[in-house]
Amino acid sequence: MLEIVQEIGAAAAFAAVVGLVGLSALHFSHAREVKRLRDWAGRAPERSGRGPQRSHSGIGIRYVAVALVGLLVVGGAAAYGVTQLGGDDSGNAQASLHNKPKRNGAAVKPGDVTVAVLNGTTVPGLAAMLRDQIAAAGFKKGMIDVFSDQQLAESVVQYAPGHQAEAKAVSRTVGISEREPVTADGRALAGDATVIVIAGADKAP
């Protein structure tokens with residue numbers, strides 16, 4: 001937004017400078033014509049009133065011509081500034097679109113994801129209960145087992161390399177926000193599962 005305001009200010013300043021130049025030229029031209037008219041009137045007072053009228057007519061035509069030129073110059077400068085500003089905005093929009101991060105892969109298909117569940121508490125049947133909940137959402141049943149640490153306070157979802165999206169989908173299913181890469185203990189107990197849910201005390205009934 002700041003860049004757009006700066007560019008508009010620069011274009012307006014450029015147009016103002018050009019306009020001042022045009023008005024200055026108009027002023028000097030008008031002053032020169034007035035001086036010429038006074039000199040003419042001083043040298044030829046005996047002439048009829050038609051001469052000055054014609055001179056005034058010539059001054060008026062020249063005044064209008066110079067004014068039109070000034071307006072054309074200012075208008076052209078303003079149009080150029082707007083064109084440049086529009087081009088910059090378009091280029092910035094295209095660059096922003098080009099640099100926007102792309103989403104990786106297609107949507108997760110639960111039927112292609114094997115989920116193992118490990119019990120990190122002393123509550124019996126907790127791993128089986130969570131696995132049934134996950135299977136009801138369409139995920140494939142993996143192994144269930146007792147985790148090496150049975151004093152976990154918070155549950156966690158672990159994922160194999162490259163399977164962050166699947167882990168996120170499983171997290172939403174079981175309501176677990178904590179996610180991390182698979183650990184050696186998790187891999188040793190989970191077999192070939194790509195996602196591992198380790199149940200903590202927060203999931204105990």
Side-chain angles (χ1 to χ4, degrees), residues 1-12 14 79-205:
M1 184 65 182
L2 181 60
E3 294 180 357
I4 294 177
V5 172
Q6 291 176 345
E7 291 176 355
I8 292 176
F14 178 75
Y80 175 78
V82 172
T83 302
Q84 291 296 107
L85 181 59
D88 290 342
D89 289 343
S90 176
N92 291 335
Q94 291 179 358
S96 177
L97 181 62
H98 179 72
N99 294 329
K100 185 177 181 180
K102 297 181 180 179
R103 294 183 179 180
N104 294 326
V108 174
K109 296 180 180 179
D112 295 337
V113 182
T114 301
V115 182
V117 182
L118 305 178
N119 191 351
T121 73
T122 57
V123 178
L126 182 59
M129 181 186 71
L130 285 177
R131 187 178 67 168
D132 290 342
Q133 179 183 346
I134 294 168
F139 294 94
K140 294 174 64 175
K141 288 184 177 182
M143 298 178 62
I144 58 173
D145 207 333
V146 176
F147 190 53
S148 56
D149 181 4
Q150 291 185 276
Q151 301 299 322
L152 288 181
E154 296 183 1
S155 303
V156 62
V157 176
Q158 296 185 349
Y159 52 86
H163 294 276
Q164 293 93 327
E166 291 90 332
K168 186 176 182 180
V170 173
S171 296
R172 288 196 299 264
T173 300
V174 293
I176 298 175
S177 59
E178 187 70 22
R179 294 190 297 274
E180 65 183 20
V182 64
T183 61
D185 289 346
R187 172 54 61 208
L189 297 169
D192 60 352
T194 54
V195 178
I196 305 167
V197 174
I198 304 177
D202 58 333
K203 286 300 176 182

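This structure is a prediction, so every number in the text was calculated from the model and none was measured. Only this structure's heavy atoms are used, side chains among them; waters, hydrogens and symmetry mates stay out.
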Kindly say whether [Y] contributes a backbone atom to a donor-acceptor pair with the side chain of [X] at under 3.5 angstrom?
X      : Y      : answer
Ser155 : Gly200 : yes
Gln158 : Thr183 : yes
Lys203 : Val174 : yes
Arg187 : Ala193 : yes

Closest non-hydrogen atom pair, [X] against [Y]:
X      : Y      : result
Val157 : Ser171 : CG2-OG, 3.5 Å
Ala190 : Ile196 : CB-CD1, 3.3 Å
Ala167 : Tyr159 : CB-CB, 3.6 Å
Pro205 : Val123 : CD-CG1, 4.1 Å
Asp132 : Lys141 : OD1-NZ, 3.7 Å
Thr173 : Ala137 : CG2-CB, 3.6 Å

- Would you check if Ile134 and Arg131 make a side-chain contact, meaning some heavy-atom pair closer than 4.5 Å? no

- Item | Val170 side chain near Arg179 side chain, heavy-atom distance below 4.5 Å | no

- Message: Listing request: all side chain to side chain donor-acceptor pair (under 3.5 Å) pairs with a residue in residues 108-119, at least two apart in sequence or in separate chains.
- Response: Asn119-Thr121

- Message: Could you check whether atom CD of Gln164 has more than 12 heavy atoms from other residues, nucleotides or ligands sitting under 6.0 Å from it?
- Response: yes

Any chance you could measure [X], atom [atom1], to [Y], atom [atom2], to the nearest 0.5 Å?
X      : Y      : atom1 : atom2 : value
Thr122 : Leu152 : OG1   : CG    : 11.0 Å
Asp202 : Ile176 : CG    : CD1   : 6.5 Å
Ile198 : Glu178 : CD1   : CD    : 11.0 Å
Leu130 : Gln133 : CG    : CD    : 6.0 Å

- Give the intermediate values and the outcome of side-chain contact (heavy atoms from CB on, under 4.5 Å) for residues Asp192 and Met143. CA-CA 9 Å; Asp192 60 352; Met143 298 178 62; over 6 Å; no

